[in-house]
Amino acid sequence: MLEAAFRKMKLDWRYLTIEVLPENLEDALAGMKAMGLQGLNLTIPHKIEVMKYLDAVADDASLIGAVNTVRRDGDRLIGENTDGKGFLESLRIDGRMNPAGKEFLILGAGGAARALCTELALAGARSIRIVNRTVSRAEALASHISRNTAAEVSALPWTPALSLPSSVNVLVNATSIGLFPDTNKPDLNYDSIRQDMLVCDVIPNPPETEFLKEASRRGARTLDGLGMLVYQGAIGFKMWTGLEAPVDEMKEALIKEFQE
Ligand code: NDP
């Protein structure tokens with residue numbers, strides 16, 4: 001996806017996948033500085049540990065408690081989190097929805113849910129209900145976001161065939177249920193989905209999950225996780241290069257990759 005963006009923008013840049021052992025993370029960051037690399041993405045298990053080796057962490061990433069992107073500001077390394085921002089961008093552009101004043105119900109309380117609940121709260125969402133299999137994780141996340149933002153955030157237990165409150169505007173699956181090759185869907189009363197709800201999935205592959213298919217059958221608009229992934233990459237691209245990302249080419253490259 002990023003190499004396709006570099007090609008399109010005629011940048012002679014590379015995006016490499018490099019495995020780093022946890023005990024070598026500090027050296028890897030020092031190496032990044034020494035070699036003049038412009039940025040990087042991080043994934044499990046480095047997203048939290050990396051924060052102690054950076055010169056600064058953006059406010060939202062610090063609230064999320066995890067960094068997935070590092071950018072340079074001169075000689076300084078700055079930590080960012082683009083997961084929730086990617087979701088917001090996809091919500092605004094593809095979903096044509098401004099989160100301000102809206103009611104959200106989020107399934108899941110892991111890393112993805114944490115990032116997107118934080119960004120939704122910062123973007124002025126009125127209320128966020130978090131439903132998670134392990135209710136204690138939902139409660140911890142809800143109280144953390146409530147303490148630090150103006151949003152009304154609560155945790156709900158995941159009862160069998162959960163029915164959605166009628167006031168919900170946006171439903172999001174932020175669990176890992178449905179990620180290829182899993183074809184399951186969250187346990188919900190799908191008949192409680194209304195036609196005026198926007199139903200979103202964070203699962204990028206397959207883009208059309210069983211969850212989204214059920215929502216479409218009820219007449220709701222849907223937003224897939226492919227858009228979120230493309231936009232988080234596009235936000236990183238802009239942080240590193242200073243240029244607007246060629247989003248269409250990035251999306252096309254990603255779809256091709258998932259089809260192989
Ligand atoms: P985590 O492991 O941190 O969290 C997983 C979440 O899914 C937890 O809330 C967990 O509940 C829940 N869960 C998993 N299996 C089940 C199940 N069988 N029934 C009910 N709940 C379940 O993962 P992440 O938050 O990092 O990632 C979640 C998904 O988000 C992944 O599929 C990932 O691909 C996707 N993602 C997509 C991005 C995008 O750009 N589109 C970006 C980042 C992530 P519990 O707490 O009870 O274990």
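Each ligand, and each atom within it, is numbered from 1 in the order the structure gives. Positions are given from 1, in the same order as the sequence printed here.
In terms of polar-atom proximity, Arg133 is counted as a contact of ligand 1, with an N or O under 3.5 Å from an N or O of the ligand. At least one N or O atom of Ala109, backbone or side chain, sits closer than 3.5 Å to an N or O atom of ligand 1. An N or O contact shorter than 3.5 Å is missing between Ala174 and ligand 1 by distance. Some N or O of Thr134 is nearer than 3.5 Å to an N or O of ligand 1, by distance alone. Polar contact check, Gly111 against ligand 1: a nitrogen or oxygen pair lies under 3.5 Å apart.
With ring centers used as reference points, Tyr231 lies 6.0 Å or more from Phe87.
No side-chain N or O of Asn68 forms a donor-acceptor pair with one of Thr43 less than 3.5 Å apart. Remark: the Thr82 side chain and the Gln232 side chain contain an N/O donor-acceptor pair separated by less than 3.5 Å. Ser167 and Glu103 form a side-chain donor-acceptor contact under 3.5 Å, judged by distance and modelled atom types alone.
Of all protein heavy atoms, the one lying nearest to atom 37 (C) of ligand 1 is Val202 O, 3.2 Å. The protein non-hydrogen atom at the shortest distance from atom 6 (C) of ligand 1 is Thr175 CA, 3.9 Å. In terms of protein heavy-atom proximity, atom 38 (C) of ligand 1 is nearest to Met228 CE, 3.8 Å. Among protein heavy atoms, the minimum distance from atom 9 (O) of ligand 1 is reached at Asn132 OD1, 2.7 Å. For atom 31 (C) of ligand 1, the closest non-hydrogen atom on the protein side is Ser176 CB, 3.9 Å. Nearest protein heavy-atom contact of atom 33 (C) of ligand 1 is Leu179 CD2, 4.8 Å. In this structure, the protein non-hydrogen atom closest to atom 19 (N) of ligand 1 is Ile177 CD1, 3.4 Å. Of all protein heavy atoms, the one closest to atom 44 (C) of ligand 1 is Ala112 CB, 3.8 Å.
When atom types are taken as modelled, the side chain of Thr134 and the backbone of Ser136 share no donor-acceptor pair closer than 3.5 angstrom. Panel note: side chain Asp224, backbone Glu208; no donor-acceptor pair is recorded below 3.5 Å. Looking only at distances, a side-chain donor or acceptor of His46 sits under 3.5 Å from a matching main-chain atom of Val20. Distance alone, capped at 3.5 Å, is enough to place a donor-acceptor pair between the Thr241 side chain and the Phe237 backbone.
Contacts between Asn184 and ligand 1 below 4.0 angstrom, taking non-hydrogen atoms only, are absent altogether.
Checking atom 29 (C) of ligand 1 against the protein gives a heavy-atom contact under 4.0 Å. Protein heavy atoms are absent from the space less than 4.0 angstrom from atom 2 (O) of ligand 1.
Using a 4.0 Å heavy-atom cutoff, Gly86 is absent from the residues neighbouring ligand 1.
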